[in-house]
Asker: 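Structure incoming, see below.
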Number of protein chains: 2
Amino acid sequence: MSNIKPSLAKGTRDFSPLEMVKRNYIFDTIKTVFKKYGYAEIQTPSMENLSTLTGKYGDEGDKLIFKILNSGDYLVKVKPELLAQAQSNAMISSISEKALRYDLTVPFARYVVMHQNEISLPFKRFQVQPVWRADRPQKGRYREFYQCDVDVVGSDSLLNEAEFILIYQEALSNLGLKDFTIKINNRKILSGIAEVIGKPELIIDMTVAIDKLDKIGLDGVTKELIERGFTAQDIEKLKPVILLEGNNEQKLDSLKSVLGSSATGLAGIQEIETVFDYVKAMLGSGSGLNPDVELDITLARGLNYYTGCIFEVKTNEVAMGSIGGGGRYDDLTGMFGLKGLTGVGVSFGADRIYDVLYELNLFPESAAAGTKVLISNFDKEAEKYALPILQQLRAAGIAAELYPSSAKLKKQMSYADDKHIPYVMLIGSDEMQSGQLTLKDMQSGQQQKLSAEAIVGLLK
Amino acid sequence: MSNIKPSLAKGTRDFSPLEMVKRNYIFDTIKTVFKKYGYAEIQTPSMENLSTLTGKYGDEGDKLIFKILNSGDYLVKVKPELLAQAQSNAMISSISEKALRYDLTVPFARYVVMHQNEISLPFKRFQVQPVWRADRPQKGRYREFYQCDVDVVGSDSLLNEAEFILIYQEALSNLGLKDFTIKINNRKILSGIAEVIGKPELIIDMTVAIDKLDKIGLDGVTKELIERGFTAQDIEKLKPVILLEGNNEQKLDSLKSVLGSSATGLAGIQEIETVFDYVKAMLGSGSGLNPDVELDITLARGLNYYTGCIFEVKTNEVAMGSIGGGGRYDDLTGMFGLKGLTGVGVSFGADRIYDVLYELNLFPESAAAGTKVLISNFDKEAEKYALPILQQLRAAGIAAELYPSSAKLKKQMSYADDKHIPYVMLIGSDEMQSGQLTLKDMQSGQQQKLSAEAIVGLLK
């Protein structure tokens with residue numbers, strides 16, 4: 001064994017006990033909401049056949065997929081001329097047949113196709129697993145990170161979209177966030193606008209330019225639109241869209257007049273209205289949920305695959321990119337030969353949510369709950385006295401430790417401090433004689449003498 | 001996008017919703033016990049630097065490590081002569097700098113060394129994550145599987161060993177297992193025996209041969225020992241060890257006389273006795289735990305790195321290999337330059353435990369708990385009526401779904417069946433008029449009419 005100074009692989013992280021407890025708190029809170037809405041968990045393998053992943057994320061995406069080297073003599077299938085010319089790219093499929101999961105959507109599509117005879121449609125699943133991307137690491141961007149996806153496949157009902165709004169609302173509220181906006185748009189509205197102007201091919205250029213209104217103003221947007229191939233006449237038609245204002249109803253009304261001649265555009269408006277109606281009807285029961293949903297015509301996230309509603313969630317309490325998003329894709333499983341299955345889903349950006357909660361100090365005390373009480377270890381006699389008490393505590397469900405050697409008390413106390421253990425039980429000769437054990441509250445520093453039973457009762 | 005028929009990478013598995021619930025039940029049960037004993041969770045990255053892993057698992061192990069191909073032009077660092085000669089093995093370190101985690105122990109050692117200034121010793125951690133091995137897949141052996149490890153580093157107290165016995169006992173009992181044996185041995189006893197015979201280099205041959213007593217009898221073992229280099233005189237000395245019988249106390253007494261001249265051997269016996277004393281003292285409180293611990297001198301698991309106690313757990317209810325094991329290793333972090341840190345730990349074989357619970361039908365009903373009630377969807381009017389009730393159920397913490405379209409009732413019922421949903425709420429025109437909704441118990445088939453409030457109360 002070589003004696004090397006160890007380091008982490010670039011772009012990866014260890015999670016310490018305190019971080020794990022906080023991360024689990026986020027995942028558990030979100031999963032609880034998923035389950036309440038009828039979603040069930042699945043997991044897929046970390047490695048997929050390379051052919052399953054290749055071509056699904058565009059050329060740039062393909063480069064970012066981590067490939068796994070074949071075992072054994074991996075060069076044996078490489079054509080000699082490729083080897084001779086050191087053709088890295090052309091050789092890949094000969095030396096690597098597996099790759100690491102790049103997202104949870106493509107494996108989910110594969111899962112649905114492979115298990116189509118066992119699953120009952122609509123199939124509502126959630127999945128919380130790491131994914132890997134060979135991105136250049138930078139602050140907040142890692143090569144291994146968790147995705148937290150919830151999707152339903154096989155149902156075109158807009159009830160699903162409405163429920164995702166409520167899922168966001170409930171999960172993020174339960175995490176303690178108070179001010180966040182769920183943005184909604186619809187691919188058909190964007191298509192409608194591009195159609196009305198007669199430039200469907202410029203749909204992405206259009207949304208990118210309009211998105212900058214806040215930063216560069218109407219003149220800036222106009223300039224950019226002209227650079228991107230729109231005419232002055234186009235821009236005149238676009239103006240009501242660029243300057244779309246008011247509440248959601250007012251925005252929808254303005255859009256209706258702009259899109260009057262586009263069946264697609266009107267269908268998009270109708271979908272959004274139906275989603276809003278569902279949300280309103282569900283909240284009739286006064287459940288206390290009151291989501292801040294905002295129609296945002298510039299939302300173009302994932303435009304190349306979404307076909308209906310598009311979602312994005314932003315917190316207004318901290319400067320941070322989106323903390324979630326998703327949408328409907330009409331042909332989820334077509335890439336694996338199963339046509340006509342529509343899907344819709346959203347995801348939660350767990351790492352960013354972690355940073356938001358951390359900055360706002362929203363992690364509850366309980367999200368640091370480890371060992372509740374440490375029993376001190378003065379000497380062999382005290383240790384022996386402590387052993388049955390230790391098991392008594394555990395039998396009552398209390399997380400407890402006995403310091404495993406009779407080290408200096410200061411060391412034992414600082415162990416308790418470092419581990420955020422709230423109570424230390426001190427057992428010396430006085431305590432053994434009287435049966436009244438000293439319980440120290442590590443936060444207040446206060447001590448009291450109690451029987452073992454009383455302590456179990458107190459800590460339970 | 002190519003239109004391929006998808007398949008799983010060889011040796012990997014999908015986990016369906018029902019499997020996930022069962023797997024989570026196992027992991028949650030075990031983790032709850034770990035926490036009660038003061039262990040805290042950490043996670044390490046799936047990929048480590050290849051240099052961190054190479055050389056830690058022997059030559060065979062090195063071959064089974066999955067290597068990740070470098071991104072971009074991965075051939076650029078390869079020496080031309082290696083490429084020309086297609087030297088697969090010699091090229092690896094030039095084209096791959098990262099690899100997938102092979103176990104949880106080496107990453108844990110790396111973690112301890114890298115975080116030594118933040119952690120407080122003794123450091124008690126558990127870790128439940130997948131590992132990957134390029135083994136030939138076969139029944140019950142996968143290329144991706146979870147390990148479930150609990151270790152403490154920086155404490156030589158045998159209290160830790162005793163607590164692992166109780167952790168096994170408690171976790172496996174909580175999972176419903178009734179008859180299992182926790183086997184214990186000590187490397188120092190084995191060293192002592194080999195020392196007494198004067199053949200310390202044959203320690204592994206000796207244990208391998210003795211282990212076969214049940215199958216091949218004393219004559220068979222004798223023959224094998226001679227083949228492996230022992231003399232008739234050696235075997236005479238070994239006889240009391242080979243034929244070791246009785247309860248643990250009797251076995252320890254026999255060993256004491258055989259090992260009288262070996263300080264190492266006697267130290268091993270002393271360690272086992274101390275562990276037994278700890279267990280006995282802790283159980284004084286009558287916690288109901290009564291572990292079946294058996295001294296087994298043939299237990300040689302991981303002999304090349306364990307230095308003290310060795311553990312292995314077997315169920316006696318099903319024919320199955322070991323469902324857990326571990327031991328003490330005196331120099332866990334030495335491979336990364338941090339000397340003198342002793343560690344001890346055990347692990348649970350979660351996949352095998354799954355198979356055991358499955359075969360014994362020990363998964364509780366609650367380990368299938370998904371959606372509790374499905375609301376039927378007759379038509380638009382009934383749907384609208386149902387929406388606030390749906391949210392009322394969820395607000396009460398009840399997992400509920402509304403079928404998302406007005407499909408045929410039969411289809412909706414079979415959806416509930418497939419998903420193991422125990423109740424269906426039927427809302428038709430009668431129900432809407434009277435406010436008395438029909439609740440069908442899917443198991444008994446019985447129906448009753450109740451108000452929405454009463455149903456919420458009933459299902460809560």
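In the text below, chain A, chain B and the rest are named by the order of the sequence lines, each starting its count at 1.
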Asker: Please state whether the side chain, the backbone, both or neither of A/T32 comes within less than 4.5 Å of a heavy atom of chain B.
Answerer: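 Looking at A/T32, nothing touches chain B.
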Asker: Any salt bridge between A/K384 and B/D277, counting N to O under 4.0 Å?
Answerer: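 Looking at B/D277 together with A/K384, the answer is no, because their closest N to O distance does not fall below 4.0 Å.
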Asker: With chain A, which of B/K10, B/E163, B/R23 has the greatest number of heavy-atom pairs at distances under 4.5 Å?
Answerer: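 Top option by heavy-atom pairs under 4.5 Å: B/E163.
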Asker: If you look at every heavy atom in A/P404 and B/L159, which pair is closest and at what distance?
Answerer: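 That would be CA-CD2, 4.1 Å.
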Asker: Return yes if some donor-acceptor pair links the side-chain N/O of B/K419 with the main-chain N/O of A/A40 below 3.5 Å, else return no.
Answerer: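 A pair under 3.5 Å: no.
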Asker: Any Lys/Arg nitrogen of A/E170 or B/R394 sitting under 4.0 Å from an Asp/Glu carboxylate oxygen of the other?
Answerer: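 Not counted as a salt bridge, because no side-chain N and carboxylate O are separated by less than 4.0 Å.
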Asker: Looking only at heavy atoms, what is the nearest atom pair of B/A399 and A/K35, with distance?
Answerer: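 That would be CB-O, 3.3 Å.
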Asker: Given that the side chain runs from C-beta out, which part of A/S155 has a heavy atom under 4.5 Å from chain B: side chain, backbone, both or neither?
Answerer: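 For A/S155, the contact with chain B is made by the side chain alone.
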Asker: Of the listed residues (A/I95, A/V78, A/N89), which shares the most heavy-atom pairs with chain B below a 4.5 Å separation?
Answerer: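 Most heavy-atom pairs under 4.5 Å with chain B: A/I95.
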Asker: How far apart are the closest heavy atoms of A/A9 and B/N49, and which atoms are they?
Answerer: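 Closest pair (atom of A/A9, atom of B/N49, distance): CA-OD1, 3.5 Å.
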Asker: I'd like to know if the side chain of B/Y415 reaches the main chain of A/S120, judged simply by a donor and an acceptor atom lying under 3.5 Å from each other, with no hydrogens or angles considered.
Answerer: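 No.
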Asker: Answer yes or no: is there a side-chain heavy-atom contact under 4.5 Å between A/K98 and B/T12?
Answerer: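 SC-SC contact between A/K98 and B/T12 ruled out.
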Asker: For B/P45, which of A/E144, A/R13, A/R143 qualifies under side chain to side chain contact (heavy atoms under 4.5 Å, CB included)?
Answerer: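 Among A/E144, A/R13, A/R143, the one that satisfies the side chain to side chain contact (heavy atoms under 4.5 Å, CB included) with B/P45 is A/E144.
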Asker: Do A/P6 and B/Y111 come within less than 4.5 Å of each other through their side chains, counting heavy atoms only?
Answerer: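 Sidechains of B/Y111 and A/P6: no contact.
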Asker: Could you tell me whether the side chain of B/K67 and the main chain of A/L69 form a donor-acceptor pair under 3.5 Å?
Answerer: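 No, the answer is negative, given that no donor and acceptor are paired below the 3.5 Å cut-off.
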Asker: Side chain from CB out, backbone as N, CA, C, O: work out which of these in A/L390 comes under 4.5 Å of a heavy atom of chain B, or both, or neither.
Answerer: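 Side chain only.
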